[in-house]
Structure formats: C-alpha cells, structure tokens
Q: 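Dumping the structure here so I can ask a few things about it.
Here the structure is a predicted model, which is why all the values come from computation and not from measurement. Atoms within a ligand are numbered from 1 in the order they appear, just like the ligands themselves.
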Amino acid sequence: MRLGVNIDHIATLRQARRGLEPDPVHAVGIVERAGADGLVCHLREDRRHIQDRDLRLIRELVTTHLNLEMAATEEMVRIALDAAPDMVTLVPERREEVTTEGGLNLKSGGEELARQIRVLRNHGLVVSVFIDPDLDQVREAKRLGAQFVELHTGDYSQQRGEEELEQAAERIREAAIAARRFGLRVSAGHGLNYHNVARIAAMPEIEELNIGHSILARAVFTGVERAVQDMLQAIGR
Ligand code: PXP
C-alpha cells in the first residue's frame, strides 16, 4: 500500500496570515525523507491554500510522485499540462465548501470530461477521478477513459458504530473490486485517520491512500513541544 501525503493544510496555515510561513514547499523533502511514496496538493480555483508558485516549486522538488488534485476546467487543464505532475486527480469543486464534499458526478460531466481526460492523457499524464464508491460511477470512469479511480472514503470516515463502519467499508470494497474488473487502478482517501485507516489499508484492490488532514493535525502536537523550546531559546531562556 502506497501513501500519498496531502500538504494543502500547510498552505492553509500560511494563508491565514497571507505571509511566507509555513511554506508547503519545505514539506516536500521532509515528507519524502519520512518514507511517503508521494505528495498530493490541490490547486483550487479560488487559490485558498496552494498557490501557482507552490505548485511550480513542489513539482521541481518532488522526486517520488506528485498527484495534482484539480477541478476539470480549461484553466486547470492548461496549468496541469504546464506543471506536468505524475498524476492528475479530477475532483468536484464548489467555492462554498470547506473541503471536497462528494465525489465527481461523472454522468453529468459527460463528453466534456472525456475530452479533458483525453487531452491530459495525450500529454502523458495519468488521470484519476475522485468518485463516491458507487458502481455506476466506476463504470462511467472506465467509459470516460480514466486510468485510476480514487474512492471517496468520507462517508466511511463519518461512521461511528461498528456495523455502520463495516457497511460503509463494504461499499468501498465492492467499488474497488468492480474497478479492478474494469481494469482500473484504485486509490482511496478523504477523512482517513490513525483509527479508521486499517480497514481500508487491508483491501488488496486499493494500491494507494491519500491522506492529509489527520497527518498534519498530528504534526501540530508532535511538533509543538520542540517549537516552544526553540522560542524559549530565542528569547534567551
Ligand atoms: N483525496 C482527495 C481527492 C481530496 O480532495 C482530499 C482532501 O483534499 C484527500 C484525499 C485527503 O483528505 P484528508 O485531508 O481528509 O486526509
């Protein structure tokens, strides 16, 4: 199982002050040295966290695998062709949402989406589509020409009871099995954390997990002690 680390939240913290730190670009080497298999970032249309400059520098620095999440718009396709990430993940985007709330509805995207996927693939990019674990969406992903599906684990990660968790996991498992039958490769992500990841990580059809929030949330607390000590030293204590 490969791990892609989403570093958007580092940029979110920087944008809180519209300043220079923390710079998500600095995370690239740290994440790779820690053993992750790749980095993920989402260049949103409203540029609320990752900026165009971040993407350019991250692309230069990543030596493992860079997965660019983006909306399927003309602007983003142009940026992706220019930046040349290793993979593009097409996601739905709504300005008012706090995070990506659901998977793409591939049925409504239709032929325009197929054309964008074709353009990206013709330039050598691997294309993934972020979809809910739904068999119709998996079928549509195949028809539109995607190579990967990323299964949305948001619903699974919201469940609390054991039975509900298992049912939500079963939907992901069935979608992953169907995708593999269609010859699609499968990744998964959204809302995965240290407690709920094991059940998803155990699914052999899924080859990669993309995780951001829980890793960076933990990093705040594993790093805060040292940060306080460094400031005490800076003020001469
Ligand atoms: N995969 C996709 C397509 C996403 O949009 C996100 C969130 O940016 C993630 C994975 C990671 O989700 P989380 O930050 O909840 O781990």
Q: Atom 15 (O) of ligand 1: which protein heavy atom is closest, and how many Å away?
A: G191 N, 2.8 Å
Q: Going by distance alone, is a donor N or O of one side chain under 3.5 Å from an acceptor N or O of the other, for T89 and N67?
A: yes
Q: Can we call the ring centroids of H9 and H213 under 6.0 Å apart?
A: yes
Q: For the pair R171 and E164, find out whether any cationic side-chain nitrogen is under 4.0 Å from an anionic carboxylate oxygen.
A: no
Q: Among protein heavy atoms, which lies nearest atom 16 (O) of ligand 1, and at what distance?
A: G212 N, 2.8 Å
Q: Within the 4.0 Å heavy-atom shell around N6, which atoms of ligand 1 are there?
A: 8 (O)
Q: Counting heavy atoms only, name the option from H42, E150, E93, R44 that's nearest to atom 1 (N) of ligand 1.
A: E150
Q: Give the residue, atom name and distance (to 0.1 Å) of the protein heavy atom nearest atom 7 (C) of ligand 1.
A: H190 CD2, 3.7 Å
Q: Which atoms of ligand 1 have any heavy atom of V91 under 4.0 Å away?
A: 3 (C)
Q: Under 3.5 Å between any N/O of T89 and any N/O of ligand 1: does that happen in this structure?
A: no
Q: Considering both backbone and side-chain atoms of E69, is one of its nitrogen or oxygen atoms within less than 3.5 Å of a nitrogen or oxygen in ligand 1?
A: yes
Q: Measure from the side-chain N and O atoms of Q137 to the backbone N and O of I131, and report whether any donor-acceptor pair falls under 3.5 Å.
A: no
Q: Can I get a per-line list of side-chain donor-acceptor pairs under 3.5 Å for residues 177-188, giving both atom names and the distance, sequence neighbours left out?
A:
{"residue": "R180", "atom": "NH1", "partner": "L184", "partner atom": "O", "Å": "2.8"}
{"residue": "R185", "atom": "NE", "partner": "E207", "partner atom": "OE1", "Å": "3.4"}
{"residue": "R185", "atom": "NE", "partner": "E207", "partner atom": "OE2", "Å": "3.0"}
{"residue": "R185", "atom": "NH2", "partner": "E207", "partner atom": "OE1", "Å": "2.7"}

Q: Hey, does N210 come in under 3.5 Å of ligand 1, counting only N/O atoms on both sides?
A: no
Q: Should you measure from each heavy atom of I211, which atoms of ligand 1 turn up under 4.0 Å away?
A: 16 (O)
Q: Can you say whether the rings of H190 and H152 are parallel (under 30°), tilted (30 to 60°) or perpendicular (over 60°)?
A: tilted
Q: Is a salt bridge present between D86 and R59, judged by a nitrogen-to-oxygen distance below 4.0 Å?
A: yes
Q: Pairs of donor and acceptor atoms involving the side chains of residues 227-237, under 3.5 Å and at least two apart or interchain, shall be tabulated with distances.
A:
{"residue": "D230", "atom": "OD1", "partner": "R226", "partner atom": "NE", "Å": "3.0"}
{"residue": "D230", "atom": "OD2", "partner": "R226", "partner atom": "NE", "Å": "3.3"}

Q: Specify the protein heavy atom at minimum distance from atom 14 (O) of ligand 1: its residue, its atom name, and the distance to 0.1 Å.
A: H213 N, 2.9 Å
